[in-house]
There are 2 protein chains.
Amino acid sequence: MTSTAVTSRELPHPARDEIRLEGVLHALSDPLRLQIVRELAADGGELSCSRFDLPVTKSTTTHHFRVLRECGVIRQAYRGTAKMNGLREGDLDDLFPGLLDSLLAAAARQAARIAADG
Amino acid sequence: MTSTAVTSRELPHPARDEIRLEGVLHALSDPLRLQIVRELAADGGELSCSRFDLPVTKSTTTHHFRVLRECGVIRQAYRGTAKMNGLREGDLDDLFPGLLDSLLAAAARQAARIAADG
DNA sequence: CGACTCATACGATAGACATCGTAGTACGGG
DNA sequence: CCCGTACTACGATGTCTATCGTATGAGTCG
């Protein structure tokens with residue numbers, strides 16, 4: 001079965017022009033999802049869902065990844081049994097130049113502020 | 001209850017350091033609130049609630065303004081019978097430098113894209 | 001005072017959402 | 001072929017949220 005492509009397990013993604021700013025902001029307004037995006041940005045590549053150590057069950061984790069995908073923030077693809085996740089940096093930067101960087105910088109700044117106590 | 005009212009017309013605002021990024025993003029993830037913020041930014045000054053022509057009732061309008069205030073996005077103050085609303089640009093820029101501008105630019109870009117249809 | 005305007009508060013309601021547990025599907029290897 | 005791993009789908013639930021209508025408070029002006 002070397003030829004059986006992973007075609008039957010395709011995941012629906014919004015096209016670049018279907019991505020809405022409100023949706024992106026909604027996706028990032030959840031602390032867990034913001035954390036996921038920060039880790040993806042820090043890694044720069046693709047990470048499987050199980051690489052994240054989130055304080056919720058697997059079901060909830062799946063839910064959050066789906067929200068991120070359906071809002072156009074990440075791209076997901078199966079690779080064997082794993083599901084790889086990557087930021088849609090290019091598409092987002094085409095649509096909203098500089099926004100993702102600003103958001104990540106803001107998140108980093110807040111994290112530093114909180115870490116330094118508050 | 002005429003005299004005991006402790007200046008019941010004061011409005012609670014979060015202190016600058018209490019403003020959370022997630023809250024700001026949540027506030028702006030609603031199309032109506034994003035529109036309000038865009039108009040406030042375009043005006044640059046203060047606007048009364050009634051200056052906005054939103055497709056919802058007064059009650060709902062009040063609700064959205066309150067969300068924006070409680071999340072630290074706008075500052076509200078009474079002036080006679082009117083309630084004036086102004087962006088907290090300074091506080092937001094202290095906390096998250098450049099973020100507000102990026103968000104407004106992204107919103108403007110999306111509005112232009114939608115206006116040009118697709 | 002009395003009427004009018006601006007905005008609020010309260011109660012209700014319908015829909016969205018975060019979370020969980022359980023059962024199930026897809027893939028890879030012994 | 002059966003098992004383990006990785007992720008999903010479904011149903012339930014409690015909470016949050018956007019919306020409305022109505023009644024109310026606060027200020028202004030006749």
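Chain letters run A, B, ... following the sequence lines, proteins first, then strands; residues in each count from 1.
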* Under 4.0 Å: is that the gap between some side-chain N or O of A/Arg79 and OP1 or OP2 of D/dA6? -> no
* Looking at residues at least two apart in the chain, or sitting in another chain, which of them share a side chain to side chain donor-acceptor pair (under 3.5 Å) with B/Gln35? -> B/Glu39
Could you pull out the protein-nucleic contacts involving nucleotides 14-16 of chain D (nitrogen or oxygen on both sides, under 3.5 Å)?
none

* **Hphob cluster co-occupancy, B/Val56 + B/Leu40, side-chain heavy atoms under 4.5 angstrom** => yes
* **Partner residues of B/Arg38 under the side chain to side chain donor-acceptor pair (under 3.5 Å) criterion, sequence neighbours left out** => none
* To do: Figure out the CD1/C1' separation between A/Ile36 and D/dC7, and round it to whole Å.
  => 14 Å
* Asked: Roughly, in whole Å, what's the span from CG in B/Leu47 to C1' in C/dA7?
  -> 16 Å
* **Approximate separation, where rounding is to 0.5 Å, of A/Leu103 CG and B/Leu103 CG** => 6.0 Å
* Just by modelled atom types, is the A/Gly86 backbone N or O under 3.5 Å from a matching donor or acceptor in the A/Glu46 side chain? -> no
* Please give, in whole Å, the distance from C/dA16 P to B/Asp30 CG? -> 14 Å
* Asked: So how far is it from A/Glu22 CD to B/Leu25 CG, rounded to the nearest 0.5 Å?
  -> 12.5 Å
* Asked: Taking CD from A/Glu22 and P from C/dA16, how many angstroms apart are they, rounded to a whole number?
  -> 17 Å
* **Spacing between A/Tyr78 atom OH and D/dT5 atom P, to the nearest angstrom** => 19 Å
* **Set of residues satisfying ring-ring contact (aromatic ring centres under 6.0 Å, His included) with respect to A/Phe65, sequence neighbours excluded** => A/Phe52
* Asked: Considering all heavy atoms of both residues, which atom of A/Ala77 and which atom of A/Leu11 are nearest to each other, and what is their separation?
  -> N-CD1, 4.3 Å
* Asked: Which residues within residues 60-76 of chain B lie with some heavy atom under 4.0 Å of an atom in DNA chain D?
  -> B/Thr60, B/His63, B/His64
* Partner residues of A/Asp17 under the side chain to side chain contact (heavy atoms under 4.5 Å, CB included) criterion, sequence neighbours left out -> A/Leu95, B/Arg113
Please tabulate, one pair per line, each protein N/O and nucleotide N/O from nucleotides 21-23 of chain D that are separated by under 3.5 Å, including the distance.
residue : atom : partner : partner atom : Å
D/dG21  : N7   : B/Ser59 : OG           : 3.4
D/dG21  : O6   : B/Ser59 : OG           : 2.9
D/dT22  : O4   : B/Ser59 : OG           : 3.2

* Asked: Who are the side chain to side chain contact (heavy atoms under 4.5 Å, CB included) partners of A/Ser48, not counting sequence neighbours?
  -> A/Ser50, A/Arg51, A/Ala82, A/Met84
* A/Arg33 CZ - C/dA16 C1' separation (whole Å) -> 12 Å
Show the distances under 3.5 angstrom between N or O atoms of the protein and N or O atoms of nucleotides 4-6 of chain C.
none

* To do: Please name all residues satisfying side chain to side chain contact (heavy atoms under 4.5 Å, CB included) with B/Thr57, sequence neighbours left out, ordered by chain then number.
  => B/Ser59, B/Thr60
* **Listed partners of A/Pro14 passing side chain to side chain contact (heavy atoms under 4.5 Å, CB included), at least two apart** => A/Glu18, A/Ile19, A/Arg88
Show every donor-acceptor pair shorter than 3.5 Å between a side-chain atom in residues 67-76 of chain A and any protein atom, with sequence neighbours excluded, or say none if there are none.
residue : atom : partner : partner atom : Å
A/Arg69 : NE   : A/Gln76 : OE1          : 2.7
A/Arg69 : NH1  : A/Pro12 : O            : 2.8
A/Arg75 : NH2  : A/Asp91 : OD2          : 3.3
A/Gln76 : NE2  : A/Asn85 : OD1          : 2.6

* Rounded off to whole Å, could you give me the CZ-to-P distance for the A/Arg51 and D/dT5 pair? => 17 Å
